[in-house]
Amino acid sequence: MKFLLTTLLIASATAIDPLWEFPGDKNSKTSHDVKLVNDPVMGGQSNSDYKVVDDLLQWDGEVKIVPSLKAPGFANLVTSKSYMDKFPSAEGATHITLVMKTSTPDYQGFKVSVAANTINPQFKCHKADFFVTPDTPVDDAGYYHVQVPYTEFSNNWSSYTGEAIVKCVDDESVCPTEKDKKKIQQLGLWAEGAAGVFNVDLKGFYYETLTTSSSSSPSAPAAADGMIPLWTFDGENDHEIKLTNDPVMGGLSTSNYTVVDNKVEWNGSCEIVPSLKAPGFCNLESKKNFDKFPDATGATHITLLLASSTPDYEGFKFSFAANTFNPQFKSFKADFFFKDGVEDEETGFTKISIPFTEFSNNWSSYTGEAIVKCVDDESVCPKEKDKAKIQQLGLWTEGVEGDFNLEILGVYAETIASTAPVKAASCKVQSDLKFSITETSAEVGLPGGSVDESLSQAVCCDADFDAYPEPRNFYLDKQLFREISKSGVTTFYDSACGIPVFQAPVGRSFADFKSDTSSHGWPSFRGEEVLKENVVVGDDGLTIYSKCGTKLGTYETDDSGTRACIDLVCIAGNEQ
């Protein structure tokens with residue numbers, strides 16, 4: 001949420017009245033002594049200092065990582081009397097306004113606090129974030145007027161990060177009351193939860209009553225049934241944006257964004273990092289590491305409404321963080337591709353739905369690609385508790401060099417019923433499969449598998465096991481590459497109906513085919529090796545079936561492009 005004026009909100013002040021200023025006259029009712037606190041415990045190393053010059057408080061410092069916590073500390077500047085200070089009544093006011101300048105407008109850890117009617121002002125004050133952006137109002141003297149609504153303050157916040165644990169919008173018991181506005185006892189500024197150098201030149205704290213009226217900007221398109229808006233740009237589900245362009249290792253990638261007509265336009269170029277000789281990244285995400293989003297429990301997909309003039313760019317990724325203190329590197333991340341999308345009839349944007357089962361929180365910090373996939377190890381998959389506690393969302397261009405463009409209308413959580421082809425009742429695997437495959441019990445190879453069903457029947461024809469492949473490296477047990485020709489092309493047949501579905505190697509060597517399969521753990525086919533006349537893709541854009549309805553595997557993407565990752569038990573049939 002922005003604590004400032006934008007083109008979507010027109011505010012007019014009826015009055016701006018001082019709470020704390022810095023005049024030389026100590027007898028002034030709005031003059032108060034200053035108390036400075038710099039990371040006093042846990043070995044904190046943050047530092048700051050201040051001085052008052054020409055009725056202006058100048059505060060400079062740096063928030064540093066606390067070694068014992070491996071997290072940013074804080075610096076805090078407050079009025080010095082914890083319990084006994086008196087301020088003018090702000091009863092009826094709608095905003096606390098800071099009149100200030102700063103040489104560090106990009107610093108993301110600024111907060112403001114107001115204590116009232118408490119004997120513990122340090123930890124039971126009401127606190128809120130504030131940000132300085134190009135949209136923040138500026139007066140004739142060049143001072144920013146940062147207007148923070150009282151509805152953004154909460155007195156239930158984390159002592160580690162300063163971020164609200166419970167927001168005022170969610171529970172009015174944590175909001176400032178009119179009684180609190182009337183009996184303010186302490187005011188404060190914080191630099192907290194974000195490492196970096198900061199500067200504030202503060203003219204004063206003020207209170208204002210602002211009236212608002214909506215502009216004529218078009219409203220965001222309504223979400224379809226079953227879609228939960230997580231992040232939109234229409235004033236309803238807004239979150240501040242943070243942009244990161246290859247900050248380390250000499251990265252040269254660049255990008256910028258604008259918010260226009262209820263959508264974000266993001267343009268840039270993912271460039272080679274000279275020291276790594278590999279593509280870098282750009283990242284556009286919600287600014288706060290610990291923001292709150294709607295509960296997505298039970299959803300099956302993250303859905304994006306997007307447009308692009310570079311739909312063939314193959315480095316797009318999406319991430320969400322939940323239940324982690326390290327959202328940058330322990331977020332859940334997945335690739336997405338415009339070719340997998342469909343046109344949304346209501347908005348005209350491309351609708352791309354990413355199954356939660358495609359996300360992994362074990363991915364390479366060099367390429368963004370999963371090191372361990374959800375389909376291979378459920379410990380890296382998002383859990384229902386993660387869907388309930390989403391704290392950050394992000395879009396990435398990563399691991400692929402090139403120019404890119406995205407128009408982002410919104411991010412949603414969605415429950416999509418399975419639309420895979422219905423398996424015919426006659427889908428039954430052959431009894432004499434090739435490659436030394438015998439009827440291993442599904443109980444051995446699949447979670448919840450039955451001793452009464454074979455592995456091949458369960459994987460290829462049983463809808464209850466649609467999400468499960470055969471065990472990794474199963475092909476090794478069957479000595480696949482000893483059984484097929486090293487000098488010719490082998491045709492693989494549907495294990496149920498016996499139609500040809502793949503041929504390999506085609507367009508590459510036997511060694512390449514074997515190496516590709518070895519590196520992934522399942523028979524892997526590329527390009528011309530897929531007999532497209534007999535192979536179809538489910539509406540999820542990932543699951544591969546034969547035209548008989550037999551499930552064969554899934555499409556995956558790696559550094560070499562798109563790969564058909566196939567279960568050997570489903571392509572070991574005899575030609576019919």
Side-chain angles (χ1 to χ4, degrees), residues 1-23 28-32 34 50 52-60 77-79 87-114 125-154 168 176 180-181 184 186-192 194 198-215 217 235 238-241 259 287-288:
M1 182 68 71
K2 292 185 177 181
F3 310 142
L4 40 90
L5 297 186
T6 72
T7 57
L8 298 178
L9 191 67
I10 303 168
S12 60
T14 57
I16 179 167
D17 296 296
L19 290 170
W20 184 17
E21 295 180 313
F22 308 97
S28 169
K29 292 181 179 180
T30 58
S31 178
H32 299 270
V34 177
Y50 78 94
V52 177
V53 179
D54 296 331
D55 298 340
L56 191 70
L57 183 144
Q58 300 174 351
W59 186 36
D60 296 274
L77 183 150
V78 294
T79 51
F87 295 82
S89 170
E91 191 173 9
T94 61
H95 291 65
I96 290 288
T97 295
L98 305 174
V99 178
M100 57 177 280
K101 295 181 180 180
T102 179
S103 62
T104 59
D106 294 331
Y107 179 69
Q108 301 298 302
F110 286 133
K111 295 176 173 62
V112 58
S113 64
V114 181
C125 60
H126 291 90
K127 188 182 286 190
D129 298 297
F130 71 87
F131 304 98
V132 178
T133 80
D135 294 325
T136 306
V138 181
D139 64 22
D140 292 341
Y143 285 91
Y144 291 109
H145 284 227
V146 182
Q147 298 160 329
V148 188
Y150 265 112
T151 53
E152 293 298 329
F153 286 87
S154 170
C168 175
D180 295 327
K181 298 176 189 178
I184 295 172
Q186 189 182 66
L187 297 172
L189 288 174
W190 302 69
E192 184 176 21
F198 65 87
N199 157 262
V200 173
D201 291 344
L202 183 67
K203 187 174 181 180
F205 283 70
Y206 300 84
Y207 63 95
E208 287 190 90
T209 301
L210 300 175
T211 58
T212 63
S213 61
S214 299
S215 74
S217 297
D238 287 359
H239 295 269
E240 286 285 328
I241 293 172
V259 181
K287 182 176 289 184
K288 298 180 185 178

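Being a predicted model, the structure only gives us computed values, none of them experimental.
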To the nearest 0.5 Å, what is the distance between [atom1] ([X]) and [atom2] ([Y])?
X: Y207; Y: S89; atom1: OH; atom2: OG; answer: 6.5 Å
X: T102; Y: Y144; atom1: OG1; atom2: OH; answer: 8.0 Å
X: D17; Y: F205; atom1: CG; atom2: CZ; answer: 15.5 Å

Counting N and O atoms only, with roles assigned by atom type, does the side chain of [X] sit under 3.5 Å from a partner on the main chain of [Y], one being a donor and the other an acceptor?
X: K127; Y: S154; result: no
X: Q108; Y: D106; result: yes
X: Y143; Y: L202; result: no

Walk me through whether D139 and V99 qualify under side chain to side chain contact (heavy atoms under 4.5 Å, CB included).
CA-CA 9 Å; D139 64 22; V99 178; 4.3 Å; yes

For the residue pair W59 and A191, what are the closest heavy atoms and their distance?
CH2-N, 3.8 Å

What are the two closest non-hydrogen atoms of E192 and Y107, and how far apart are they?
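So the minimum-distance heavy-atom pair works out to N-OH, 3.5 Å.
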
Decide, yes or no, whether a salt bridge links K203 with D55 under the criterion of side-chain N to carboxylate O below 4.0 Å.
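Salt bridge absent between K203 and D55.
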
For residues N199 and S103, is any side-chain donor paired with an opposing acceptor at under 3.5 Å?
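The criterion, which ignores hydrogens and geometry beyond distance, is satisfied for S103 and N199.
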
Please test E208 against T97 for side chain to side chain donor-acceptor pair (under 3.5 Å), starting from the C-alpha separation and ending with a verdict.
CA-CA 7 Å; E208 287 190 90; T97 295; 2.5 Å; yes

Classify the angle between the aromatic ring planes of W20 and F22 as parallel (below 30°), tilted (30 to 60°) or perpendicular (above 60°).
tilted

Just say parallel, tilted or perpendicular for the rings of F110 and F130, cut-offs at 30° and 60°.
parallel

Ring centroid separation for H32 and F87, is it under 6.0 angstrom?
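That pair passes the under 6.0 Å test.
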
Using the rule given for side chain to side chain contact (heavy atoms under 4.5 Å, CB included), can you reason through T94 versus T151, listing the C-alpha separation, both sets of side-chain angles and the distance that settles it, and then say yes or no?
CA-CA 8 Å; T94 61; T151 53; over 6 Å; no

